[in-house]
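Inspection log for the structure reproduced underneath, given as structure tokens.
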Amino acid sequence: MRYFLILSYKGTNYHGWQLQRNAPSVQAELERVLTALLRKQTPVTGAGRTDTGVHARNYTAHFDTERPVADLEGFRYHLNSMLPGDIAVHAVHRVRDDAHARFDALEREYIYYICSGKDPFSRETAWQYRAVPDMDAMNAAAAHLLEFDDFTTFAKLGSGNKNNLCRVTHAAWCRTESGLVFTIRANRFLRNMVRAITGTLVYEVGRGRMTPEGFRNIIAARDLSLAGSSAPAQGLFLNRIRYPEGIFIADGE
């Protein structure tokens, strides 16, 4: 039987989601706790990688059991009591046995936070960027992301992707009391893609070094050497993952 875990984590103390040979990861912590609770080695499959220092508000992972979990809320309580304080499970859902946390995802949403002033409380959860980038220019440039499906320009070298095709459905900046927020949604993302896009928009377009049309041209070029520097990891949050309703099994079924 298969279950989805809906969780959040602060990525500061982890070398990303995925298991690492000699470094802590969120996946390793979940597998440790699930194995202890279920008294059987229990691997976990996540919705995708997040890099070192990147956070998640609503991440999804799945695991399998031989017997049904009788009390899902009680199970969630015990998970949280055993997990470290920077990882929290918000829900446990029974899903179809063929449901997959990664491959069944319809849409993912990332949010990137920029803090415009020095703030000791956001050092690990926002990019503290003192300059004032041109948000209108960055929005004009970001709109071009919806015109393309090949994002080789923003792919990480050596990632081993089968292809660099993504369908971006939303990309926009807004201003908040503390700074700027960038929200981007797509059916999938390449490794480091959001940070590369964010960094290019801020460093190049936001500072007037590149026009919005120039940003469009580097996407079309499919040349990763044309992207600007990536934004720091700490400002990035995986905010939401959307799945088809049909994969969830109602209580009692």
Side-chain angles (χ1 to χ4, degrees), residues 1-111 113 121-122 124-125 188-189 191 233-253:
M1 295 181 176
R2 181 158 291 181
Y3 293 87
F4 271 14
L5 295 173
I6 312 301
L7 62 140
S8 61
Y9 55 85
K10 184 181 179 186
T12 306
N13 295 324
Y14 301 100
H15 286 243
W17 157 263
Q18 192 161 332
L19 289 172
Q20 305 289 326
R21 185 183 297 272
N22 296 306
S25 71
V26 179
Q27 185 179 12
E29 289 297 323
L30 275 175
E31 292 189 357
R32 174 185 65 81
V33 172
L34 282 168
T35 295
L37 277 177
L38 298 173
R39 300 182 180 181
K40 181 180 180 180
Q41 191 68 39
T42 305
V44 178
T45 300
R49 292 184 176 186
T50 56
D51 290 336
T52 300
V54 173
H55 318 290
R57 280 208 177 89
N58 284 285
Y59 187 90
T60 303
H62 75 246
F63 69 96
D64 295 328
T65 65
E66 294 179 354
R67 298 177 181 178
V69 177
D71 179 3
L72 293 180
E73 185 57 28
F75 188 74
R76 184 184 75 87
Y77 173 84
H78 289 298
L79 281 172
N80 282 326
S81 67
M82 298 172 69
L83 284 166
D86 48 12
I87 303 174
V89 175
H90 303 295
V92 185
H93 297 295
R94 174 82 189 281
V95 294
R96 292 196 327 242
D97 290 346
D98 63 346
H100 199 285
R102 178 183 174 190
F103 298 130
D104 281 333
L106 299 175
E107 182 181 71
R108 296 165 169 86
E109 178 181 87
Y110 279 91
I111 294 181
Y113 294 91
F121 301 107
S122 67
E124 296 176 337
T125 54
R188 68 187 286 254
F189 288 94
R191 190 175 180 187
Q234 71 268 19
L236 184 59
F237 285 73
L238 175 55
N239 192 57
R240 185 175 62 88
I241 307 174
R242 184 167 61 87
Y243 292 93
E245 287 297 324
I247 68 174
F248 295 93
I249 296 176
D251 292 344
E253 291 187 22

Closest non-hydrogen atoms of A101 and G46, given as atom of the first, atom of the second and distance, are CB-C, 4.1 Å
On a heavy-atom basis, the closest approach of H55 and G11 is ND1-N, 2.8 Å
Looking only at heavy atoms, what is the nearest atom pair of A61 and W17, with distance? CB-CH2, 3.8 Å
Tell me yes or no: between the side chains of Y9 and T50, is some donor less than 3.5 Å from an acceptor? yes
Distance, nearest 0.5 Å, that separates CD1 of I247 from CG of D98: 9.0 Å
Given the rule in the side-chain contact (heavy atoms from CB on, under 4.5 Å) test, do Y113 and T125 qualify, once you have shown the distances and angles that lead to the verdict? CA-CA 8 Å; Y113 294 91; T125 54; over 6 Å; no
Check whether Q20 reaches the backbone of Q18 with its side chain - one donor and one acceptor, N or O, closer than 3.5 Å. yes
Show your reasoning for whether side-chain contact (heavy atoms from CB on, under 4.5 Å) applies to D51 and L236. CA-CA 10 Å; D51 290 336; L236 184 59; over 6 Å; no
Which pair of non-hydrogen atoms, one from P84 and one from E29, has the smallest distance, and what is that distance? CD-OE1, 3.5 Å
Between V95 and H62, does a side-chain contact (heavy atoms from CB on, under 4.5 Å) hold up when you go through it step by step? CA-CA 9 Å; V95 294; H62 75 246; 5.6 Å; no
For Y59 and I241, the nearest pair of non-hydrogen atoms, with its separation, is CA-CD1, 4.3 Å
Would R242 and E109 pass as an ion pair if we require N to O under 4.0 Å? no
Centroid-to-centroid, F4 to H93, below 6.0 Å? no
Quick check against the 3.5 Å criterion: does N58 have a side-chain atom that pairs as donor or acceptor with the backbone of N239? yes
Count the heavy atoms belonging to other residues, nucleotides or ligands that lie under 6.0 Å from CZ of R240, then report whether that count exceeds 12. yes
Partner residues of F103 under the ring pair (Phe, Tyr, Trp, His ring centres under 6.0 Å) criterion, sequence neighbours left out: H100
Donor-acceptor side-chain pairing of S8 and H90 below 3.5 angstrom: yes
Any residue meeting side-chain hydrogen bond (donor to acceptor under 3.5 Å, both in side chains) with E245, in chain and number order, not counting sequence neighbours: none
Heavy atoms only: give me the nearest V89-N80 pair and the separation to one decimal. N-OD1, 2.7 Å
